[in-house]
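Read the structure below first, then the notes.
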Amino acid sequence: MDKSLSSAVIEAVAAEKGVQPTELPEPLYNALDADALDALFGDRDGASGKVIFSYCGYSVTATANGHVSVEAEATSRG
């Protein structure tokens, strides 16, 4: 993996929001421990699995192979 999974998450969410990574409204550590995410899937040949979490109004899925997908979370109207 060329870059850390946490960096890939930040870049994917920023791209979805149409902003620079430094312009995201909250740091990743408010959603999860970025070091733990990187350690979970870092340097593991043949590792599998995924982590799904909420960040900046998006549902983020990060997989062991480094793929990151971002989907807008549904908002509830009350």
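Remember, predicted model here, so these are calculated numbers, not experimental data. Quick note: residue numbers are just sequence positions, from 1.
Within the structure, side chain to side chain donor-acceptor pair (under 3.5 Å) contacts touching residues 51-61 (residues at least two apart or in different chains) are S54-E73.
Other residues, nucleotides and ligands contribute only 12 or fewer heavy atoms inside 6.0 Å of the CD atom of Q20.
Of all heavy-atom pairs spanning L24 and A14, the tightest one is CD2-CA, 3.8 Å. Among all heavy-atom pairs drawn from D38 and L5, the shortest one is OD1-N, 3.2 Å.
Looking at heavy atoms from C-beta onward, L28 lies in side-chain contact with S6 at the 4.5 angstrom threshold. With a 4.5 Å cut-off on side-chain heavy atoms, E16 and C56 do not count as touching.
The structure places CG of D35 at 10.0 Å from CG of L32, a figure rounded to the nearest 0.5 Å.
I52 and V9 end up in different hydrophobic clusters when Ile, Leu, Val, Met, Phe, Trp and Tyr side chains are linked at under 4.5 Å.
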| Working for side-chain contact (heavy atoms from CB on, under 4.5 Å), residues E11 and K3 | CA-CA 11 Å; E11 290 174 9; K3 60 183 164 188; 2.3 Å; yes

